[in-house]
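What follows is a short report on a single structure.
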There are 2 protein chains.
Amino acid sequence: MIGVLVVEDEPVAAEAHRAYIERTAGFAAVAVAGTGAQALAVLTRTPVDLVLLDMNLPDTHGIELCRRIRAAGADVDVLAVTSARELTTVRAAAAHGVVGYLLKPFTYPALRDRLEAYAAYRAQLARGGDASGQSEIDRVLDAVRPAESAALPKGMSRETLDAVVAAVRAAERALSAAETGEVIGASRITARRYLEYLADTGLVDRAPRYGGTGRPELEYRWR
Amino acid sequence: MIGVLVVEDEPVAAEAHRAYIERTAGFAAVAVAGTGAQALAVLTRTPVDLVLLDMNLPDTHGIELCRRIRAAGADVDVLAVTSARELTTVRAAAAHGVVGYLLKPFTYPALRDRLEAYAAYRAQLARGGDASGQSEIDRVLDAVRPAESAALPKGMSRETLDAVVAAVRAAERALSAAETGEVIGASRITARRYLEYLADTGLVDRAPRYGGTGRPELEYRWR
DNA sequence: CACGCTTGCGTTCATACTGTCCGCGGTCGG
DNA sequence: CCGACCGCGGACAGTATGAACGCAAGCGTG
């Protein structure tokens, strides 16, 4: 469960954000702060994973609050949620390591996509340890972007995806695309399409299977 | 012209980075710092746009230096260039708003891709003014990602290359092509193909291993 | 010093799997 | 009833790998 602090001076908006958070599986709103000072106070006494941060606060600017949070060394991420459209603000937010910048007003799906992308990013990091190489680091850092994580990419169906996931999870050894296709009763092409999607989103690992003569077969293993 | 400060304690690497910067159109190395203190001193008296930051510094850690830079409110971006592979370090770097995280050792094209992506990002922001909407903000923030840096020669795969690098890197002594093949579960021919590529790009050293009967065996050692 | 022996190098090519285009059939809204 | 869209798979060019093989380079023996 990812604990969220909502920082928003407008009570109506703050309550709306809180409700959105609660609606999203895996997230919980642990507190709401109307000012920067309140936010800092909450952060010192309550464990928070993510801050939903408005830029226009009565006592300070969101960027300034960001800076204080970093200076305090708090282990927390920030998602900017604001109506500030100035590119200088966007740049400053990026320079302070926000995991996203969502323009108000926004719809619930837009926020949910952001939150789910952040959850995926956290999941990648939760494993800890070392990155195997540059490609893994790129994959982790790309995960914060709200790809089409919620809405499936075109050409893919939920049912087939579930079947592929079930097949790879159930197999004790890694499966090739052709093997997976056989298990789920589909073609190698379809199986591959879904396996690649899962590999991109970091849910399965991909490795070549050497030994046979000819081009090596790629095998996919559930994480 | 984008002014770059190279922060790197190893003189040979620092000089190499400086040379790489100078080779890249639109970039200029304005200074080189061997410690965190030197870097901060440079930043107070010289305008710098981008910091090429190593994580392992003699007097402090790169993340800590990052924090100080942000606390000082310097209007500067950071590109992490380091051999630190721990995911916690990657996460901390991301939280402090690095524009990229490049694992050492790297080839010039890899750095150039990063720098060009950063230049594109700056160009988007240089216009100033307000973003027209969420899509423009997304576009700006996506610009920091390098295009497709993959660009591996034909006939080679990213997975196998990573496996070979990992094998040679992990071995304390130098490995022959046959030994490397055995470690990664592939043939001598395949291992040799990748080892030669790494030797060409200067990432591994190549030397004959004399003494045995018959033709000497070539051995490869990680730099 | 010459010659052969031994062992691994380096190259070529067959091969099997990959990755992608494009058309098919089903489904849904108008 | 029809057009649009969507998910799927056949077909095919492209590509990463390893077996085979001739050659190169030290070492031992006379």
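What's counted below: heavy atoms across the whole structure, side chains too, no hydrogens, waters or symmetry copies.
For B:M156 and D:dG14, the CE to C1' distance is 17 Å, given to the nearest whole Å. A straight line from CD of A:E159 to P of C:dG26 spans 17 Å, rounded to a whole angstrom. Atom CZ in A:R158 sits roughly 16 Å away from atom C1' in D:dC6 (whole-Å rounding). Atoms OH (B:Y210) and P (D:dG26) sit 5 Å apart, rounded to a whole Å. Residue B:K154 contributes atom NZ, which lies 8 Å from atom C1' of D:dG14 at whole-angstrom precision. Note: CZ (B:R209) to P (D:dA24) measures 23 Å, nearest angstrom. Going from atom CZ of A:R206 over to atom C1' of C:dC17 covers 13 Å, rounded to whole Å.
OP1 or OP2 of D:dG28 has not a single side-chain nitrogen or oxygen of B:T213 nearer than 4.0 Å. Within the structure, every side-chain polar atom (N or O) of B:S157 is placed at least 4.0 Å from both OP1 and OP2 of D:dT15.
B:V168 is not listed as a side-chain neighbour of B:R221, based on a closest heavy-atom distance of 4.5 Å or more. The shortest distance between side-chain heavy atoms of B:S176 and B:L218 does not fall below 4.5 Å. In this structure the side chain of A:P153 reaches within 4.5 angstrom of the side chain of A:Y197, judged on heavy atoms. Counting heavy atoms from C-beta on, the side chains of B:E116 and B:F27 never come closer than 4.5 Å.
Within a heavy-atom distance below 4.0 Å of DNA chain D, no residue of residues 166-175 of chain A is found. Of the residues in residues 180-203 of chain B, those placing a heavy atom less than 4.0 Å from an atom of DNA chain D are B:A186, B:S187, B:I189, B:T190, B:R193, B:Y194, in numerical order.
The stretch residues 77-101 of chain A participates, sequence neighbours left out, in these salt bridge (Lys or Arg N to Asp or Glu O under 4.0 Å) pairs: A:D77-B:R91, A:R91-B:D75, A:R91-B:D77.
The residues A:R188 and A:E182 are annotated as not salt-bridged, no charged nitrogen and carboxylate oxygen being separated by less than 4.0 angstrom.
The two residues A:L50 and A:L79 make their nearest non-hydrogen contact at CD1-N, 4.0 Å.
Comparing C:dG19, D:dT17, C:dC17 against the side chain of A:E217 picks out C:dC17 as the nearest.
Classification of the A:Y118-A:Y121 ring pair by plane angle, with boundaries at 30° and 60°, yields tilted.
Residue contacts for B:S176: at a heavy-atom cut-off of 4.0 Å it reaches no nucleic acid atom on any strand shown.
Side chain to side chain, A:Y210 and A:E217 fail the donor-acceptor criterion of an N or O pair below 3.5 Å.
At a cut-off of 3.5 angstrom, counting only N and O atoms as typed in the model, there is no donor on one side facing an acceptor on the other between the side-chain of A:R215 and the base of C:dT15.
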